[in-house]
Structure formats: C-alpha cells, structure tokens
Amino acid sequence: MTVTEARSAKETGRHRSGSDSTARTVLIASLRERKSQLWRLAAWSLLEALPALLSGILVALAVDEGFLAGRLGIGFGWLGLLAISVALGAWGTHETLSRLAAVVEPFRDDLVTGVVTGALSSSTQRGARPPSGDVARLTQQVEIVREAYAAVLIVVQQFVVVTVGALIGLVALAPAVLPLVLPPLAVALVLFTLLLQRLANQQRASILADENIAETAATVGAGLRDIAACGGQELAHASVGSHIDNARTATTAVSRLTAFATLTVAFGGWVPLILILGFGSWLLDQGATTGVLLGAATYVLQGLQPALQTLVDGLSGPGLWLMVTLRRIVETGGAGEESSDGASTAAGTDGDSAGGYDVALSGITFGYGASAAPVVRDLDLTIPQGDHLAIVGPSGAGKSTLAGLMTGLLEPRAGQVSIGGIGLLGRSARELAAQRVLIPQEAYVFAGTLHENLSYLRPDVSDADLHEAVHLLGAEALVTRLGGFAAEIDPAPLSAGERQLLTLVRAYVCAAPVVILDEATCHLDPVAEARVEHAFADRPGTLIVIAHRMSSAARAQRILVLDGVSVMVGEHDDLLTRSPLYRDLVGHWKVPAQAAPPR
Amino acid sequence: MEDTDDSRPSARLLIQVGRNAGWWVGLLAVNALVLAAAELALPAVLGRTLDDLLGGGAPGRWLALFVVLVVVLSLGEALEDLGTGAATARSTAWLRHTSLAHLMSVGWRTAQRFPPGDLVARLVGNTAEAGSVGPDVIRGAAALIPAVGGTIALALIDPWLCVTFLVGLPVMMALLWAFARDASELAEGYLTIQGKIAGRLVQALSGARTIAAAGTAERETKRVLGPLATLHDYGMRMWRAQARITAQDLLLLSGLEIAVLAVGGWQLSRGRISPGELLAASQYVALGAALSSVIPDLTRFIRSRAAARRVGEVLDLSAVGYGNAVLPSAGGTVEFRKVSVRVGERVILDRLNLVIPAGSLVAVVGRTGAGKSLLAGLAGRLVDPDDGVVLLDGVQLIQLTQRELRGAVGYGFERPVLIGGTLAEAISFGAETPDADEVMSAARAARADAFIRHLPAGYQTPLDEAPMSGGEMQRMGLARAFAHTGRVLILDDVAASLDTVTEHEISRALTGAMADRTRILVAHRASTAARADQVIWLDEGRVRAQAPHRELWADPDYRGLFEAGRPEPDSVPVLAALGSDSAAVR
C-alpha cells in the first residue's frame, strides 16, 4: 500500500465514523428545534396538495360530463375549477416556501456562529497551530449547506405532498387503479434508497480526489522553482497525476450509479402507466370511463412521475452535497465549541501582582510535538521590571518560541514562567493581557474605525493619550492621511509597515507594563524603527525586543543570544568578547594572526 | 494581461477537448438524437394506445410500441447520464494532464506571470469547467429538438392548440425572466454581506496570535458575526422573493396547460380530436415549455468557453528549450561571458564577466539588490540571461540536455519547497532517484538525519505529518541537494537560519565530503565569506572584486556589507522568489 493510499484510507475511515454521526445529529437537532415552524409548513402543505389531489378528478369530470357529452359550458366550468385549485395550490406553495425560510435561515445562523466561534477559539488557544486555508473556506461551505438544506426540504416536502395527494385522488377516482400504481412506485423508492448509500460513498470519494488534486497542485504551484532546480518535473507531475486519474475514476463511477438511479425513476414513473393501459380493457369492464382513464393518466404523468424525478434529482444532488459538506464543516471547524477565553479554574488570582512585573523563566524546556528535539532546554532567565532586552540569533532558532513561552501562549514541557512572581499557568487570557502585550510580526488591523483599532487593547483610552502615542511613534502623517481617529479604515490598501505602525501605537497605549515586540518593526525603515524603540524604551515598563536588525541590539540594555538551545545574556561589549556568534551577527571579523581593528 | 483575440484559440481548445472524450462524444450525439425522437413520438403513441383501448380493441400493436419507446427512452436517459459523466471525466483528466505537463516544461521565470493560487485555479477548476463542453453542447443542441418538435406536433394535432401555446409561451417566458431579474439583485446583496463575514473571519484568523495574546477571542467572534442579523434579513427576503417567483411560475405554466386543455376540450366536443390526442397534447405542452432548460445549458457553455480561454493561456506559455550537448567527464568551471539581465526597466547585471574555478568554494556578496541571487540562479540555469552566455566546463548551459544539466548542478535554498509523499521521497526528489543509502548519507551530511530519526516513522514519515522549523526545512533542502549534486552546488547562506554548532558541522561537510565540487555560496555573514577560497563582490551589476576575504577586509565598503545582520527582502518579486525570502513558503 503506498503512502497516499494509506492516507486516503485513513481519511475515509475517519469520515465514516465520527463526523458522519455528528453531521446527522446537527441536522436532526436543528429540525427538532424548529418543530413549530415545521408543523405550520405541514399545514400549508395541505393547501399546496390541492391541485395534485383534484387535477385528475376535475379533468375526468370535464371530459366525461362536459366535452364528450357536448356540454361545453360544463367542461369549461370544471376546468375553471381546476384553475382555481391551481391558484390555491400556488398560494399554498408561496406560504410553504416562506415557512421554509423560517427553518433554513436560523439553521444557517447557528452554523455560521458555530463555525466562526470554533475557528477563532481553536486558533487562539494555547499551543494552537496556525490556521489552515480550510478554515477560511468554511463560510463558503456553510452557504452550500444552506442551499442544499433548503433544496432537500423542498424536494422531500413536494414529493410527499404530490404523491399523497395524487394517490388519494386516484383512490377517489378509481380505487381499482391503486394496485397498478402503488407497487411499482414502492419498488422504485426501495431500489433508490439502496442506491443512495453507494452514491454517497462514490460522491465522497470524488470530492476527496478533487481536494487532493487541489492540495498537490498547490504544492507544485508553490514549488516551481524547486522543481526546476531539481529537474523533478516527472515526479511532480506524477504526484498530481495519480489524483487526477483517481478523480476521473470516481466521477465515472458516480455517473454509473446516477444512470442506475435514472432507471429506477423510469421504472417507477412509466410502469404504472403501462399497467393502466395494459389492464385498460379490464378497467373499462369494471366501469371506468374515458374521463377516468384520462384522469388516472393525468395523476401519473403530471403528479407521480415528476414528483419521483424531482425526489431522485434532489436527493442525489443537493442531498449528497448537504451530507458531504456538513461532514466537512464538522471535521474542519467543528460546529462550535464556545471559546473558553481561558476561564480561570485555578485559584482566582486577580493578577494584582504586589510583586511587580519581573518576568522569570525557570527550568524551561520546550519542543514542538512530543518527540521533537527541544528548542529550549533548562532555560533560566530573569527579566527584571524596567529592563530593555533584545533577543538575537539565527532565524530558525526559536526566538518567536521564546516570546510564546514568555507570554504564556506556549506551554513548556517542563519548568515554569511567572510574571510578578505568579505563574502563568491556569490564568485566563484576560488576566495575562493586563500584564503583558505581544505584538507579532503579522500586524493585525481590522476593518473598522481607526479609533477601534488603536484602542483595541484599552477601550477606555483617552484621546489625549492616543495623540501623544501617535506623536511619539511618528505616526501623525499616517493618521492624518487616513482621516483621523473616527475614519473607517480597510487593512488591504495599507502597506505592511503602516499596519505595523498602527499596532505599535495600539501596544503603546495599552495598560500592560511588559511589552514584547516579535520583529514587530521589520517592515519599518531603520529610522522609524529607532524612533519606535526609543519611545517604547522611555515608556515605563519592561521592553523585550526580538530583533530584526542588529541596530535593535545596540539600543538595548541587555542582549540575549539564542544559539540553538544555548543562551548567552550580557551587554553589547561583553558579548562581543564572549560570543563568536554575536560578533558574526554584528558583522565583526577577526583577521587571524593579525591585530584586528575593533569597531 | 494581454488583450488577446480569445474567441478562436479557446474554440480550438474546446474542440480538442471534445475530441479527446473519445468515442463517447459520438455515442452521446447519436443517443441524443434517438432520445429526442423517442420523446417526440411518445405522446402521440400514448394517445393512439388510449384511443385503441377506448375503441374496444385488445391492447395491441400500439401498446407494444409504447412499451418499446418507454424502454428506449429509459435506457437512452441512463446512457446519457453515464456518457456525460464518463466523457466529462475523460476530457477533464486529459486537459489537466496536458496543462500540467506543459507547465512543467515551461521556464520557471515564465510561469511567474501567474501567481501560484491563480495557476492552481486554472489547472484544477477551469479544466473541470471546460471539460464538460462536449456533452453540454450535445445536450443543449438536442434539447431544441423536442421543444420545436413538440410545438409542431401540437399543430399537427390541431392548429388551434399550437396557436394557444405560441401566444402564451412568450408571455410566460417574459414574465419569468422579469421575476428572475428582480431576485438577482437581492442575491447580490446577500452575497456581499456573506462575503463580508467571510472576509472578517479571514482577517481575524490572520491575527490569531494577537487575539490569543490579548484574550479577545470572544470580542472578535462578536465582531465577525456582526453582519449576521443583516444577512438573516436578506436571506428571508430572498426566500420570500423565491416563494413569489415559484408560485408565479407555477401559475403561469399551469395556466398555459389549462388553456391548451380548454381549447383541446372544445375541439374534443366538436369531434375534431380524440381523447388520446387530448392526452398527447397536454404532454406536448410540457415538452414545449421545457425550452427554458436551454438557458442553464447556455450559461454553462459560456462559462466553459471562458474557462478554456484561461487554460489556453497556460498552454500558450513558451517551453524551455534544451540542446543535446553533454559535459566532459570531469570539471566544474563556471564561466559568465558578458552576461546582462534586465528586470523591467532595471538593469541588474551589466555585461558581467566571471570565471569560477572548478572545485573551488566561492562566496558571493553584495548589497541587497546587487544581484547575488540572480547570479546564483544564472549559474544553474534557473534564469536565462538576456544577453551573454553562461558556460559550464566550456559548454553553454542552454545547449545541455535537461538531464545532464540537472545532474550536474544542485541547489540548496534557504526556504526550500519540499515535494514528495514521505521525507525520504522529499530528499530523493529529482531527475535521478538516489537509493536509500545515498539518501541517508546525504541527510547525515546535511545534519538532517538526527531530527528525522526522532520522528515516529523516521524517513517514512509523511511530509504533511512532519512539521519542521525553518532550520530543519533548510537542512532537508540541503540533503536533497547533497543527494543529487554533480559538479556544482549552489547554496544560500546556511548561517542565517541555523545555530552555530549545526552551521559548523554543515560547513565541515561542505569543505570535506563536497570538497571536489564547485561550491557557490550566497553569503551574508563575514564568517561564511572567510571560509571561502574566493569572494565575488557584486556591485553595480559587475564583479567589483574577486579575491580572498582577508584581502578585501581592508576595504571599508566591503566591511559595511556585513553590518546589516538580516538581509532585507528584494523589492522585485522574481528576485525575492529566487532568494532567501520566497513568499510562497512563508
């Protein structure tokens, strides 16, 4: 078994077990919640069933009593009654569809809320991985579910209404016809139900194949440089090609099963009519008139046949889409667990640290995943309050990891992190936010007013404080250009540097004493970066900067050099003598066997 | 995008697509004609059967014919389903394979014209839309036959019936179209608001770290869901409009049928038509009114054509040409003769001349934008020069076969994109596949062996189950390069993303096991430049100096190159993608 086969087998297995039943539970729960709406829907369905019920009878009467008897007026009269019943039925359709809206829209609301809540809470919890592209597509998938859900409800309701109406009408018109009509219809329905499960499996396989194609094609698209450099064109093609062929096989299998479904519809739709015609002479002997035969044919041709066709089309199309997409939503995003926001279950620490806000790491060991080599091992570090520390080191070395550990976003395998003497473990995110603020490289600016963005971390900030912060950080030109604090802003046209500047103002005005900048000035030019760092250094509190440029290190009080798992802390001149890596980073080089001109 | 005359090339492509569905297309065409004929004949035969019955005869020839027609119709519809699916699947697969194969043969720099997401959309989505063209055209054309034929058949039964139908039909279609247009405005509004929620969610997810640190997940959820109430309103209005439209459609269609029934009943009373013909007439009205199904087929065809044009743009990219020269048995001398490269208006390299001796370790240094990454790209023919030639052991790179070229030159990027099912496959990825021992020794030399063995499945760990740090990825890329390298190895500076110990070990491998190859390093650190035999200093598009590091160190301009620390990303996207800040992998 190749790796890809094993993976898809595992995935299909996963699909079948957990998310299958969860999707069904979600659907059933939503239906149960809207029971009253569904009853109202059922009531209006009775009105909707009127034409289906009466059409055959009225046609029979019009022909027998009217046209064939030469009484044109009576014939037109019965047809007029048919027109009225159709009008009433249309009114019933109008009302049932409106009632349907009252079932579908709240379902969509619940689903969107669940999806958004689940996505945000799972990607912001402790130790969360960065969210995948799947999560962002969830809202589109909810729309698919909404339309499919409505389509399935309509189709099933229509089928029940029309079939029951037509059958009752048939019984009223000519009970002898019923044993000719009911059995083929029942057989067709049974056959289709058996087919539906297999159709669902094939449809799922087809969708999975499509997703694999998209995934592998995306890797190929992003890796064109590497493919060219390695000459691996054939292998790259093969990696996508196998999925292309799988998709072809799956689609063909689906169409094969669809063909069988069409045959069942044909069986259930035409056989009753053939039987009626075949036993026609017997029916006529039983007392059936021309009108009765025409009426029965009308019931089958205008009622049962289209209803069966609609049901099969609806279930094998939207019906399958509904189940498959709902399952995907449940798997990817969950139908929403409430974001815990880190509600504190531990001893209610208010965070009023009488012990100041020293940041202390003791014995910290951390690695991604249980079996991976540790990124930091047995790290002891104290950052006294008011310190200005810069963290430097090679890019893959784990500086952001250190920031994550210091802020409590990552949980260490061993050891403890504390701020102001109180451990971070078990404290709610809001408590922690009062003590420390982290500005990551990806500056988060959202669509809203500029004031909302800037006061994000401190909603009660005064305008005077905001103006001062804007002035100190050199953001006045930007604020003026955007139109002042009340202006609505959109992050898309802003440059990366402008977005960073806004988030830096946001961090400056917030109340937390410990500020951690994780390469948060990387898109600013060196002059702007210097101004920002000076402003933060002057701000009362602790500043920890994960340096993007070595000039940040020069401005700091102390510097931490992270070299793999080993850590060296000291001042600039001290580290120049002690750490070869630091020297290299700063751009120094000793000419061997010659006096080095120090800088 | 250039403004091409898109009607003819896309039509040609569509025809090719149709042809590639094989004999299915012919079968579907014949089937469609047979189906149309059966559909047209069925109501008439039904009518005759009923009249036959009412006339007192035993169910005879007409009933048998009716059964035959029903069987033909059923089998034909089933075949249509099967054939449409099979033909579409086959066409789509052919189109995907063809466009993917062509993309692989296109120069990497040429393919940069399309951003990766756009490429994927064309290869995966547009191909599927274009692939259904054959069956769609057949079905669309064939759908006209029953509609037109049904109208004619109505006339044949009784001209008054046809007149009634033809008077009512355009009125019905005009009203239907008007109703649909009103609904589309609401639909647009709905989609806009839904897009707003989707956009806010994507935005919030991009700031996940900020939100996590600030503990504002609940607030963000409320903000993202802000437009939900408005969405609910729009949705309800859409459903109400839909309800109105459906009810009106129903009234109109039934009205048309009742009108025809009334006229038919009048003719029945006059003895002009028989009961069977009345039944047939009501069926023909349904056939005629099904003309409206042509509209979705037409929209699908328009989409197919647009999709084919987009796929055609990928197929129109020019492929890379290779020669059929081979290299001498040993060597490694890289020579640049009067090489110039322009990107847009900017001249990056200007008639550059350079000789890199075989087996030497050279470091390429220069300010950001000086062309270090470009030089590295030229040395291994990732990029072709606009003027001048690049030679390897006296043979021009453009004259080598692809296999010869890739076998001779290997690349180790700072942010490699790993391709393959497992880690072992990712390392052995390339034109020639090294065996397991070679893979492991390459991994050991690149210091990737240790962390690979740490994983539960080791080398057989699937790539997407092995999250790696930046340094580990780079070492995997190095292992890949080591496993395939012939005589030239081109590397990004490993010092930038690895800790000192690992970096020293890899340098030891570079100066030890790889010592007989020519090694070209794009250097950012003084220590890296110091280890090289020679440093190539790029400035103003030329080689400013080619000398050992210690000689150059006296020059203050040279010393200034190493003070930056972290290299700034290049502002020109092609060059940035070549070098150490490949946005795709970040």
Side-chain angles (χ1 to χ4, degrees), chain A residues 3 67 72 75 79 83 86 90 93-94 97-98 101 105 116-117 120 123-124 131 136 139 214 217-218 221-226 228-233 244 248 251-252 255 258-259 262-263 266 270 277 280 290 339 341 394-396 429-430 433 438 440 444 446 550 563-564 581 584 587 589, chain B residues 53 70 74 77-78 81-82 85-86 89 93 96 104 108 111 116 119-120 123-124 198 202 205 207-215 217-218 221 224 235-236 239 243 247 250-251 254 258 262 265 268-269 275 406 411 417 421 429-431 469-471 497 499-500 525-527 562-563 565 584:
Chain A
V3 174
F67 301 122
L72 219 55
L79 280 185
V86 163
T93 306
H94 180 267
L97 278 179
S98 307
E105 290 298 297
V116 169
T117 314
L120 280 179
S123 63
T124 56
T139 40
L224 287 176
R225 175 198 63 174
D226 294 56
C230 298
Q233 282 90 344
I244 293 177
R248 176 182 160 180
T251 312
T252 313
S255 58
T258 313
T262 308
L263 286 176
W270 288 114
L277 292 171
T290 310
S339 125
D341 236 354
S395 58
R430 227 166 303 174
L438 168 73
Y444 176 47
F446 52 87
M550 289 313 291
D563 185 12
L581 173 60
D584 207 14
W589 182 70
Chain B
L53 190 59
V70 164
S74 312
E77 282 176 348
D81 281 337
L82 178 60
R96 283 173 176 167
M104 294 289 94
W108 168 72
L119 268 180
V120 172
L123 285 180
V124 178
V202 169
L205 288 176
R209 242 177 133 213
T210 308
I211 298 171
E218 231 177 81
T221 308
V224 170
M236 295 296 281
W239 285 118
L250 217 55
L251 276 175
S254 309
I258 292 176
L268 183 66
S269 71
R406 294 303 158 208
Y411 275 91
V417 175
F429 181 76
S469 71
S497 56
D499 59 271
T500 316
R525 298 272 196 83
S527 56
F562 298 102
E563 283 171 355

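Order of the sequence lines sets the chain letters (A, B, ...), proteins ahead of strands, with each chain counted from 1. For clarity, every value in this text was computed on a predicted model and none was experimentally measured.
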A.B. asks: Any idea which of W270(A), F446(A), F67(A) has the most non-hydrogen atom pairs under 4.5 angstrom with chain B?
C.D. replies: F67(A)

A.B. asks: Drop me the distance from E218(B)'s CD to T117(A)'s OG1, to the nearest 0.5 angstrom.
C.D. replies: 9.5 Å

A.B. asks: For F429(B), check ring pair (Phe, Tyr, Trp, His ring centres under 6.0 Å) against everything at least two apart and list the hits.
C.D. replies: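 None.
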
A.B. asks: Any idea which of T500(B), I211(B), L123(B) has the most non-hydrogen atom pairs under 4.5 angstrom with chain A?
C.D. replies: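 The answer is T500(B).
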
A.B. asks: Do you know which two heavy atoms are closest between A429(A) and G215(B), and how far apart they sit?
C.D. replies: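 Result for this residue pair: CB-CA, 3.4 Å.
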
A.B. asks: Identify which of A111(B), A262(B), P275(B) forms the greatest number of heavy-atom pairs closer than 4.5 Å to chain A.
C.D. replies: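 The answer is A262(B).
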
A.B. asks: Go through V116(A), L581(A), T258(A) and name the one with the most non-hydrogen pairs under 4.5 angstrom from chain B.
C.D. replies: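 Looking at each of V116(A), L581(A), T258(A) in turn, V116(A) comes out on top.
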
A.B. asks: Determine the minimum heavy-atom distance between S123(A) and A208(B), stating which atoms define it.
C.D. replies: O-CB, 3.7 Å

A.B. asks: Which atom pair, heavy atoms only, marks the closest approach of T124(A) to A217(B)?
C.D. replies: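 The pair with the smallest heavy-atom distance is OG1-CB, 3.7 Å.
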
A.B. asks: Return the minimal non-hydrogen interatomic distance between S254(B) and V86(A), and the atom names on each side.
C.D. replies: CB-CG1, 3.5 Å

A.B. asks: Name the option with the most non-hydrogen atom pairs under 4.5 Å to chain B; the candidates are L263(A), L224(A), L438(A).
C.D. replies: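 Option with the top pair count is L224(A).
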
A.B. asks: Between A431(B), G207(B), A243(B), who has the most heavy-atom pairs with chain A when the cutoff is under 4.5 Å?
C.D. replies: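 With the most close heavy-atom pairs to chain A, the winner is A243(B).
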
A.B. asks: Heavy atoms only, distances under 4.5 angstrom: which of V124(B), L250(B), L82(B) has the most pairs with chain A? Name it, please.
C.D. replies: L82(B)

A.B. asks: Could you list the residues that satisfy side-chain hydrogen bond (donor to acceptor under 3.5 Å, both in side chains) with R96(B), not counting sequence neighbours?
C.D. replies: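 T127(B).
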
A.B. asks: Any idea which of A433(A), G221(A), C230(A) has the most non-hydrogen atom pairs under 4.5 angstrom with chain B?
C.D. replies: C230(A)

A.B. asks: Do you know which of T251(A), T252(A), D226(A), T262(A) has the most heavy-atom pairs under 4.5 Å to chain B?
C.D. replies: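 So the answer, after comparing T251(A), T252(A), D226(A), T262(A), is D226(A).
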
A.B. asks: Heavy atoms only, distances under 4.5 angstrom: which of A101(A), A83(A), S98(A), A266(A) has the most pairs with chain B? Name it, please.
C.D. replies: A101(A)

